[in-house]
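Data block below; observations after.
Each chain gets a letter, A, B and so on, in the order its sequence line appears, and its residues count up from 1.
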Amino acid sequence: MSQPTYCLSELATRLGAELHGDPSCVISGVATLQHAKAQQISFLDNPRYRKYLANTQASAVILTSTDLALCTTNALIMDNPYLGYAKVASLFDQASKIKPGIHPTAVIAEGCVIDPTASIGPHCVIGEGTHIGAHSRLYANVTLYQGVRIGDRVIIHSGAVIGSDGFGFAQNKGTWYKVPQLGGVIIGNDVEIGANTTIDRGALDDTIIADGVKLDNQIQIAHNVVIGAHTAIAGCVAIAGSTVIGKYCAIGGRASIAGHITITDKVMIAGGSGVSQSITEPGVYSSSIATVQAATSWNRNLMRIYQLDEMAQRLRKLEKVLQGCHPEERSDEGSPKSAGDPSLRSG
Amino acid sequence: MSQPTYCLSELATRLGAELHGDPSCVISGVATLQHAKAQQISFLDNPRYRKYLANTQASAVILTSTDLALCTTNALIMDNPYLGYAKVASLFDQASKIKPGIHPTAVIAEGCVIDPTASIGPHCVIGEGTHIGAHSRLYANVTLYQGVRIGDRVIIHSGAVIGSDGFGFAQNKGTWYKVPQLGGVIIGNDVEIGANTTIDRGALDDTIIADGVKLDNQIQIAHNVVIGAHTAIAGCVAIAGSTVIGKYCAIGGRASIAGHITITDKVMIAGGSGVSQSITEPGVYSSSIATVQAATSWNRNLMRIYQLDEMAQRLRKLEKVLQGCHPEERSDEGSPKSAGDPSLRSG
Amino acid sequence: MSQPTYCLSELATRLGAELHGDPSCVISGVATLQHAKAQQISFLDNPRYRKYLANTQASAVILTSTDLALCTTNALIMDNPYLGYAKVASLFDQASKIKPGIHPTAVIAEGCVIDPTASIGPHCVIGEGTHIGAHSRLYANVTLYQGVRIGDRVIIHSGAVIGSDGFGFAQNKGTWYKVPQLGGVIIGNDVEIGANTTIDRGALDDTIIADGVKLDNQIQIAHNVVIGAHTAIAGCVAIAGSTVIGKYCAIGGRASIAGHITITDKVMIAGGSGVSQSITEPGVYSSSIATVQAATSWNRNLMRIYQLDEMAQRLRKLEKVLQGCHPEERSDEGSPKSAGDPSLRSG
């Protein structure tokens with residue numbers, strides 16, 4: 001198949017961008033600032049890459065008006081160059097165009113309703129009574145258990161497993177008795193699910209992924225989790241059972257979210273954080289230890305973490321002693337701990 | 001297929017529960033307190049959900065005698081309502097009944113012994129000389145390498161890979177020389193293995209998962225790990241090579257367990273913890289940073305973690321100064337650090 | 001198939017080892033020190049296992065000259081006994097010999113170039129235009145998307161997904177607009193990729209895994225990551241987009257590496273660490289909280305982490321007070337914080 005070409009003025013119109021330079025410049029592809037060649041368009045969004053702007057070989061660059069002065073080639077000016085790049089890239093994306101139909105190696109159980117515009121890749125397995133909406137795409141080797149409902153325009157990448165049993169066992173004289181997982185999974189419209197991500201079916205009610213949610217690779221979503229619309233979750237996040245996450249949230253990679261809690265709308269969680277309590281206010285939250293030190297320094301600091309409560313008690317004791325020594329010092333702290341406090345250590 | 005129905009007295013007998021209310025009440029399904037309708041039975045186990053008891057529409061609720069006073073409908077009283085719910089739910093579980101046999105798309109290598117009561121799902125691949133016991137079930141897209149032994153009544157969810165090579169390489173002049181993985185994997189009876197979980201074969205001896213072990217999704221178990229009977233491990237736990245975990249342990253989600261250590265029986269590890277040393281006493285252990293703060297506050301605290309050893313030295317110094325200032329202060333600490341200690345910083 | 005046998009002198013020659021004992025001793029297998037029987041060879045590398053040397057039933061042991069005195073059987077002396085063991089084990093490894101050819105259940109799209117010496121396992125799916133080099137092996141259920149390039153002697157374990165879309169979305173009035181992922185994935189020679197590991201295709205440029213890289217199970221590698229030659233990465237590591245990792249690095253299990261950073265050659269990262277900033281010097285780095293405490297102790301220490309900045313301020317304040325009290329104390333710290341500092345809390 002041959003690559004399409006566009007003149008820059010046509011791209012400007014499609015993006016709603018302001019054109020600086022030659023409207024008739026021909027664009028036949030998109031590339032990074034560093035690697036673009038003639039006839040390719042690039043973009044500048046992340047300031048880390050501004051250093052490549054001056055010497056780019058791209059025939060045009062999508063950027064904000066702020067960066068225009070640094071641009072030595074044609075420019076398309078937009079408030080959101082990353083969105084502009086995404087739209088241009090989709091014009092040149094031949095490989096991932098959806099081909100409707102069910103691959104002959106896919107195994108579809110009875111009672112499924114699969115929209116004829118959907119694409120089911122090789123070796124997919126789809127359990128009984130599952131629904132798949134219009135223009136949805138399952139790449140190869142996706143497994144859907146019975147009774148899963150997938151909306152329209154959903155993309156599910158290879159190795160994803162949706163509808164497996166939630167992890168539910170009751171203690172029975174020291175051993176574990178399996179709790180049947182009778183709920184389903186409901187996936188809204190315009191959801192994308194990454195490779196090898198797992199979404200368990202509900203125990204009684206359903207596990208729900210609302211419209212527009214984007215899930216990266218290797219995410220684990222336990223039974224009865226509810227994820228609100230347009231929330232984006234980066235790779236390797238784990239969400240334990242029955243937790244409810246709001247709309248328009250952004251969860252950084254490798255975050256761990258405990259079960260049975262509620263996170264309100266518009267919450268951002270830093271990658272690597274652990275979340276064990278509900279979050280009721282929008283905002284940016286973290287508990288991530290994100291920066292390495294030389295191991296010898298780190299290990300000295302780490303050792304102190306295990307002594308922190310003792311250090312705090314010793315600090316408090318010094319403050320009390322010093323307050324006696326300097327009676328003019330004012331303390332905002334409440335009443336001192338009673339002498340009987342077993343955690344109080346003399347230092 | 002039609003749902004079965006039971007009268008409440010029959011359920012009470014099956015569960016060994018004490019019935020309060022109408023023995024002839026008809027039950028045709030199970031649901032949560034919030035979503036139950038007439039003819040459905042519910043349960044109260046987690047106190048978080050007690051608030052839904054008064055207004056539930058369920059025709060009966062399984063609960064402890066403590067919660068009976070709050071119950072406005074028929075009740076089945078048990079010490080362990082969660083177990084009662086599990087047993088009732090299994091009565092109503094139609095979808096997941098096992099259908100013996102090997103799906104025609106499964107690929108079975110030579111020399112395998114698969115019990116005729118076992119169920120092998122679509123697109124499973126089973127390597128040479130593998131054994132699968134009675135009533136065991138492999139959902140779709142499970143991969144077993146050669147020489148894996150699976151006991152009776154084992155459930156393996158989709159995407160799980162059992163018997164892949166352990167990660168073993170010897171340094172050879174800067175590059176890596178592969179260490180052949182000649183051991184196998186032995187899975188006991190009544191084990192459940194979650195979706196996309198991986199269990200590597202042993203290097204020389206076998207990797208062993210004992211009877212009754214329950215593994216959630218996306219767990220990684222490295223070569224030569226041994227997991228004792230009836231231990232339950234939540235999602236996304238990683239266990240490095242040659243580690244031995246005891247019986248009746250419970251490992252919280254996303255915990256990381258180092259290699260070559262031993263964890264005794266009846267140990268509980270909090271989710272998200274890192275375990276790098278052997279644990280010799282039963283108990284509850286943690287090293288998890290489980291609660292997020294507003295990122296601005298967290299980042300200030302985080303910065304201090306990297307200074308903790310210095311802070312500890314400064315605290316110690318103050319204590320020494322103050323001891324000189326207040327000679328009546330008693331110190332329980334040992335001898336002070338020598339002045340030559342290079343880590344001692346004056347503050 | 002029958003196991004081969006070797007006499008010890010032949011093994012010594014093949015390994016370049018110094019033989020102590022009976023050159024004609026027959027060796028028919030390899031085993032651990034604890035479980036070896038007559039006619040088996042074992043090895044001692046990790047000092048944890050030295051205690052098993054005296055009583056081993058092995059007919060020979062590969063070890064360093066340092067451990068020779070403790071050895072009561074025949075010995076092969078090498079500087080790197082682990083490498084010797086790896087080489088001997090490969091002599092006895094029958095099961096994992098590669099069988100060239102494409103399994104009839106594999107699905108190969110158009111335009112692929114697969115070397116005839118390569119082995120493609122059951123139910124593999126390989127997208128359009130993908131190249132696979134000589135003697136490379138895909139175990140069962142591997143998925144390669146379109147346009148992936150795999151070098152020679154590459155091993156890819158089951159469930160791995162290579163070439164899935166990177167996680168790229170542009171904000172568009174509160175919802176997410178998919179950024180097409182137009183790059184590819186390039187895997188060098190002699191790479192091994194573990195079970196259920198995922199490697200995303202690049203957004204514009206390629207994701208690159210250089211020669212000799214070894215990846216364990218359940219690793220997530222995001223779009224446009226570059227991993228330098230002979231770097232080894234243990235299980236469950238997550239690497240975010242566009243990060244560049246050098247040559248000869250070793251990344252411990254469950255480490256998390258942020259996007260858009262650069263890690264130089266010969267860096268070792270402790271398992272469980274978070275890395276959010278570039279590393280420019282070779283060395284060993286950590287930010288891992290690797291040791292559990294009894295949960296009651298840990299929770300007291302954990303609570304203090306959230307107060308650390310306040311504690312640091314209080315410590316500073318005591319130092320200042322005490323400096324006033326003891327003017328002869330020298331301070332190496334810079335100018336004290338201004339009284340107007342809003343973060344300064346009186347304690």
Side-chain angles (χ1 to χ4, degrees), chain A residues 30-32 35 48 80 82-83 86 89-90 92-93 95-96 105 122-123 140-141 157-159 192 194-196 212 214 216-218 230 232 234-236 248 253-254 271-272 288-295 298-299 302 305-306 308-309 312 315 318-319 322 325-326 329-333 343, chain C residues 107 123 125 128 141 143 146-147 159 161 164-165 167 169-172 174-180 182 196 198 200 204-205 218 220 222 238 240 256 258 260 269-270 273-277 279 283-287 289 291 293 300-301 303-305 307 311 314-315 318 321-322 325 345-347:
Chain A
V30 54
T32 55
H35 297 127
R48 288 174 196 258
N80 185 349
Y82 195 63
L83 178 61
S90 67
F92 293 107
D93 181 13
S96 67
T105 62
H123 295 316
N141 280 324
H157 285 282
S158 295
E192 184 157 346
N196 284 352
K214 308 299 182 187
D216 198 354
N217 296 352
Q218 296 200 38
H230 308 297
C236 302
Y248 303 107
R254 182 52 60 76
S288 172
I289 300 196
T291 304
V292 286
Q293 281 187 310
W298 172 256
N299 289 335
L302 176 59
I305 289 180
Y306 301 111
L308 253 181
D309 187 52
L315 179 59
L318 288 188
E319 288 170 334
L322 221 57
C325 176
H326 301 267
E329 287 288 318
R330 205 182 101 257
S331 169
D332 286 338
E333 276 213 299
S343 69
Chain C
V107 175
H123 295 315
V125 179
E128 267 184 86
N141 281 322
T143 308
Q146 76 278 2
V161 176
S164 43
D165 283 351
F167 194 64
F169 298 92
Q171 282 274 9
N172 186 23
T175 69
W176 299 103
Y177 187 95
K178 182 173 176 65
V179 179
L182 305 176
N196 285 351
T198 51
D200 280 345
L204 290 169
D205 300 329
Q218 296 199 39
Q220 152 67 0
S256 303
H260 296 278
I269 305 284
S273 298
V275 185
S276 63
Q277 292 174 332
I279 298 177
V284 183
Y285 295 85
S286 180
S287 68
I289 299 196
T291 304
Q293 281 188 310
R300 276 199 298 271
N301 289 320
M303 184 186 67
R304 300 300 184 181
I305 290 180
Q307 305 164 348
M311 279 173 62
R314 286 160 53 198
L315 179 59
L318 287 188
V321 167
L322 222 56
C325 176
R345 298 232 241 147
S346 100

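Side-chain atoms of A:Ser158 and C:Val125, non-hydrogen and from C-beta on, never get closer than 4.5 Å to each other.
Only the side chain of A:Tyr248 comes within contact range of chain C, judged by heavy atoms closer than 4.5 Å. Within the 4.5 angstrom heavy-atom criterion, atoms from both the backbone and the side chain of C:Ala238 approach chain A. When heavy atoms are compared at a cutoff of 4.5 Å, A:Ala232 approaches chain C by way of both its backbone and its side chain. Heavy-atom distances place the side chain of A:Leu302, and not its backbone, under 4.5 Å from chain C. Only the side chain of C:Leu182 comes within contact range of chain A, with heavy atoms under 4.5 Å apart. In this structure, chain C has heavy atoms under 4.5 Å from both the backbone and the side chain of A:Gln293. Looking at A:His123, only its side chain comes within 4.5 Å of chain C, counting heavy atoms on both sides. When heavy atoms are compared at a cutoff of 4.5 Å, C:Gln307 does not approach chain A at all.
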Dump the intermediate steps for side chain to side chain contact (heavy atoms under 4.5 Å, CB included) on C:Ile279 and C:Tyr285, then the final yes or no. CA-CA 9 Å; C:Ile279 298 177; C:Tyr285 295 85; 3.5 Å; yes

Going through the distances and angles, do A:His157 and C:Thr198 end up as a side chain to side chain contact (heavy atoms under 4.5 Å, CB included)? CA-CA 11 Å; A:His157 285 282; C:Thr198 51; over 6 Å; no

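Using a distance-only test at 3.5 Å, with no hydrogens or angles considered, no donor-acceptor pair links the side chain of A:Asp93 to the main chain of A:Ala89. Checking side-chain atoms of A:Asn80 against main-chain N and O of C:Gln171 turns up a donor-acceptor pair under 3.5 Å.
Ranked by heavy-atom pairs under 4.5 Å with chain A, the first of C:Met303, C:His260, C:Gln277 is C:His260. Of all the listed residues (A:Cys236, A:Gly272, A:Ser90), the one sharing the greatest number of non-hydrogen pairs under 4.5 Å with chain C is A:Ser90. When each of A:Val292, A:Asn141, A:Thr291 is checked for heavy-atom pairs under 4.5 Å with chain C, A:Val292 comes out on top. Contact count versus chain C (heavy atoms, under 4.5 Å) is highest, among A:Asn217, A:Leu318, A:Ile305, for A:Asn217.
Note that CG of A:Asp216 is 8.5 Å distant from OG of C:Ser164, once rounded to the nearest 0.5 Å.
Residues C:Gly159 and A:Asn196 approach most closely at O-ND2, 3.1 Å, considering heavy atoms.
Donor-acceptor pairing under 3.5 Å is recorded for the side chains of C:Asp205 and A:Thr32.
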